[in-house]
Amino acid sequence: MTQHVTTALPADATPDDSARREWWREAVIYQVYPRSFADGNGDGMGDLPGITARLPYLKRLGVDAVWFSPFYASPQADAGYDVADYRAVDPMFGTLTDAAELVREAHALGLRVIVDVVPNHCSDQHAWFREALRAGPGSPPRERFHFRSGKGEGGHLPPNDWESVFGGPAWTRVEDGEWYLHLFAPEQPDFNWDHPAVHEEFHSILRFWLDLGVDGFRIDVAHGLVKAAGLPDIGHEEQVSLLGKQSVPYFDQDGVHEIYRSWRRILQEYAGERIAVAEAWTPTVERSARYLRPDELHQAFNFEYLTTGWDADGLRDVIDRSLRAMNAVQAPATWVLSNHDVVRHCTRFADGDAARGLRRAKAATLLMLALPGSAYLYQGEELGLPEVTELPDEVRQDPAFFRSTGQGGRRDGCRVPMPWSGQRAPFGFGPAEGGPSWLPQPAGWRDLTAEAQDGDPSSTLEFYRRALAVRREHPALGAGRDVEWLDAPEGVLAFRRTSPRGTFVCTVNLSAAPVVYPTPGTVLVSSADVTPGATATNLPADSTVWWAA
Ligand code: BGC
């Protein structure tokens, strides 16, 4: 088998693998949403040089890898998930040289780099789609997409009853009368994965970024590429959402697995344990595990965990089922609470009380980081950022907002630019005080900036830093495959994790009142103030404590 050696980077720039084999099994991976992380040139939009300058912050935070949402050439109809050129950086974000520099700097700091790949659909400005439009009905360029005649008199009705995830029909009619399929916005035509050219093109795109030195890919809509033969009607009226669990002829079809087997073979040609993580919204964790069989992908996001509320029984159940399903295919479980598509967990858990939301969010994070496997953090959660719920309609950009129902335009509120420093917006997001930011930040974020929290032991930022540092050092955290549940009163979860070099206990009080619990050891990290007693301890309401036992 060929061993590709990264050419764009000095050989010594790749993080040392010998020290941490299969690094991805227990990695903490931080999601950067490029347009909202750091704006280096002051145009109000985040960019790659801005991110590069902030990499030391991520190093100090203590994460292992950074996943970047798309920064490719794109008309931004869906914030970059509509890609016009998979091998180019959008000028809004910088240049290819900036991307190489970002990878190089990250590697120099020992951080791995995961980039997004968007294979289900492209932009309607992609060269292939433009060519397909020009070439007309029945032409070979149209076969790379799903073009069909309509139904009804003169073909004026869509070819089937599929709905777009963003609302409205999943079909748009073009001037010559044919319709094309788009599971998302009309500006995002779906590729036809029955066509060999589509396979070849994505193999080449993967190699392009692997050659540039990236350590892996996050696969957008990984469950959507293959559609059931004949594109059959769904036959029911209910709206299918990205977060949905419905079984539909365009999601989670068995044919996707062969695609990922071929991708795995490509990843394995490269030195340095390159990986892929699936964004696959499947009906069950068992269905997700099918993407992680040994010859397929490395990880899949655990959306069932993300969508479980602050509830002891629900969490224990999803943790058990996830570990069982992933262990069956020898894949690591993953855990995630927030990303750029969902309401931030601080706000989800608040039930109308912001202080309670933050308390629970910190407790939930500490629980997540105690579980075996890999954890994903979303930028800003380490600052305790809440969802911004008061955005005026005129600044919103989420296509879902303009296309009704589905996710109801909720996705802009978790994408508001990061507050870094200072007293006035954009709080160090861009270089100039009072300068622009593509979405406005609330004035109250002056108290949440990284600068305001740095060095304050009671801040959310220092809490994350502490937790990640302890996780890195303690051998029983992250690694391994199982948790050993301990007896605990109602509303409390307690589990032990043992490694040859130390035993660790995690207690989580999900109830609204303190609960007395036998003291398991000495406190390593806690999400709330806790005073351990000699034999029993009052676990504060909505708190997680890590104990060295
Ligand atoms: C991404 C979304 C995007 C959609 C279409 C998703 O799952 O995370 O942000 O809108 O795919 O590409």
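We count ligands from 1, going down the list as the structure has it; atoms in each ligand are counted the same way. Computed from heavy atoms alone, side chains included, the values below leave out hydrogens, waters and symmetry copies.
Heavy atoms of Arg415 come nearer than 4.0 angstrom to ligand 1 in at least one pair. At least one heavy atom of Arg218 sits closer than 4.0 Å to an atom of ligand 1.
Residues Arg261 and Glu258 are paired through a salt bridge, judged by an N-O separation under 4.0 Å between the basic side chain and the carboxylate. Taking a cutoff of 4.0 Å between a charged side-chain nitrogen and a carboxylate oxygen, Arg144 and Glu201 do not qualify as a salt bridge.
Under a 4.0 Å criterion applied to the non-hydrogen atoms of Asp78, ligand 1 contributes the atoms 3 (C), 4 (C), 5 (C), 10 (O), 12 (O). Residue contact check: His340 has heavy atoms under 4.0 Å from atoms 1 (C), 2 (C), 8 (O), 9 (O) of ligand 1. Within ligand 1, the atoms closer than 4.0 Å to a non-hydrogen atom of His121 are 5 (C), 12 (O), numbered from 1 in the order shown.
In this structure, of Asn120, Val342, Asp220, the residue bringing a heavy atom nearest to atom 11 (O) of ligand 1 is Asp220. Of all the listed residues (Glu279, His182, His223), Glu279 holds the heavy atom that lies closest to atom 7 (O) of ligand 1.
For ligand 1, one of its N or O atoms has an N or O atom of Arg411 under 3.5 Å away.
With sequence neighbours excluded, the residues satisfying side chain to side chain contact (heavy atoms under 4.5 Å, CB included) with Pro189 are Cys122, Asp124, Phe129, Phe145, Tyr180.
At a threshold of 4.5 Å between non-hydrogen side-chain atoms, the residues Val342 and Tyr378 do not count as touching.
Residue Phe166 touches ligand 1 through its side chain alone, judged by heavy-atom distances below 4.0 Å.
Side-chain atoms of Trp24 and Asp64 include no donor-acceptor pair closer than 3.5 Å.
For Tyr81 and His340, the distance between ring centers is under 6.0 angstrom.
A distance-only check finds a donor-acceptor pair linking the side chain of Arg471 to the backbone of Leu369 [under 3.5 Å].
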